Amino acid sequence: MAKKIRRVLGIDPGLAHTGFGVVESVEGKIRLVSYGVIETNAEESHELRLLAIYNRLLAVIDEFRPDEAEMESLYFSRNASSALAVAEAKGVITLCLAQHNIPLYIYTPNKIKSTVTGTSSADKETVEQYVQILLNMKVRPQPDHAADALAGAITHLHSSM
């Protein structure tokens, strides 16, 4: 009998940097597949940056074929223009996932931190350390956008096992 593998794509959205992390679960064990960051050029037009996020995410989806995706909920930001840019990136990401019939699950930052570290007050460094341990990585995942995406994917697998 073939082992059931669930592959999850975690996404940390942003206009300048969109982190992604791919993890899978086989018989209850979580394993790292890949991670990285989609970067856009600040000197390009806004719409071209959004298109770059879409196209690069599409390449990630084509390469890793996730069954499900996770994205952190948008929290209120004091910088309205930054929050709007993140919201637009989230919209592009959501569209890309929907076009490929990949269910999207949303978790709050506190839920992700508490699932991965045991406390909702963990800082970024602590989250990175726990992601490293949980995925049996030799080094901490960097940059932090990729680590956040991996933490979200881990959260989804733990929340839906």
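The structure presented is a predicted model; accordingly, all values stated were derived computationally and were not measured.
The shortest side-chain heavy-atom distance between Ile154 and Leu135 falls under the 4.5 Å cut-off. Within the 4.5 Å cutoff, the side chain of Leu150 has heavy atoms near those of the Leu32 side chain. No side-chain heavy atom of Leu134 sits under 4.5 Å from any side-chain heavy atom of Met137. Between Arg140 and Glu125, some side-chain heavy-atom pair lies under the 4.5 Å cut-off. Under the 4.5 Å side-chain criterion, counting only non-hydrogen atoms from C-beta, Ile30 is in contact with His158.
When all heavy atoms of Ser120 and Ser114 are compared, the closest pair comes out as N-CB, 3.9 Å. Across every non-hydrogen atom of Val116 and Ala151, the tightest pair is CG2-O, 3.6 Å. In this structure, Pro109 and Glu72 approach most closely via the heavy-atom pair CG-OE2, 3.5 Å. Nearest heavy-atom pair across Arg31 and Arg7 is NH2-NH2, 4.4 Å. Closest heavy-atom contact between Val131 and Ala147: CG2-O, 4.0 Å.
The other members of the hydrophobic cluster of Ile106, by chain and number, are Leu9, Ile11, Leu15, Phe20, Val22, Val33, Ile38, Leu50, Ile53, Tyr54, Leu57, Leu58, Val60, Ile61, Phe64, Met71, Val92, Ile93, Leu97, Ile102, Leu104 (side-chain heavy atoms under 4.5 Å, ILVMFWY only). Using a 4.5 Å cut-off between side-chain heavy atoms of Ile, Leu, Val, Met, Phe, Trp and Tyr, Leu48 falls into a hydrophobic cluster with Leu51.
Rounded to the nearest 0.5 Å, atoms CZ (Arg49) and CD (Glu44) are 8.0 Å apart. Taking CZ of Arg65 as the start and CG of Asp67 as the end, the distance is 11.5 Å to the nearest 0.5 Å. Note that the CG atom of Asp12 and the CG atom of Asp144 stand 7.5 Å from one another [nearest 0.5 Å].
Among residues two or more places apart in sequence or in another chain, the side-chain hydrogen bond (donor to acceptor under 3.5 Å, both in side chains) test is passed with Gln142 by Glu128. Checked against side-chain contact (heavy atoms from CB on, under 4.5 Å), Tyr107 has the following partners two or more places apart in sequence or in another chain: Glu70, Tyr105, Lys111, Ile112, Thr155, His156, Ser159. Judged as a side-chain hydrogen bond (donor to acceptor under 3.5 Å, both in side chains), and not counting sequence neighbours, the contacts of Thr126 are Asp123.
In summary, the side chains of Thr119 and Ser121 do present a donor paired with an acceptor at a separation below 3.5 Å, with no hydrogens or angles considered.
Among residue pairs with one or both ends in residues 88-98, those qualifying as side chain to side chain donor-acceptor pair (under 3.5 Å) are His46-Glu88; sequence neighbours excluded.
In the hydrophobic cluster analysis, where Ile, Leu, Val, Met, Phe, Trp and Tyr join through side-chain heavy atoms closer than 4.5 angstrom, Val23 is grouped together with Tyr130.
The pair Glu24-Arg6 does not meet the salt-bridge criterion, since no charged nitrogen lies less than 4.0 angstrom from a carboxylate oxygen.
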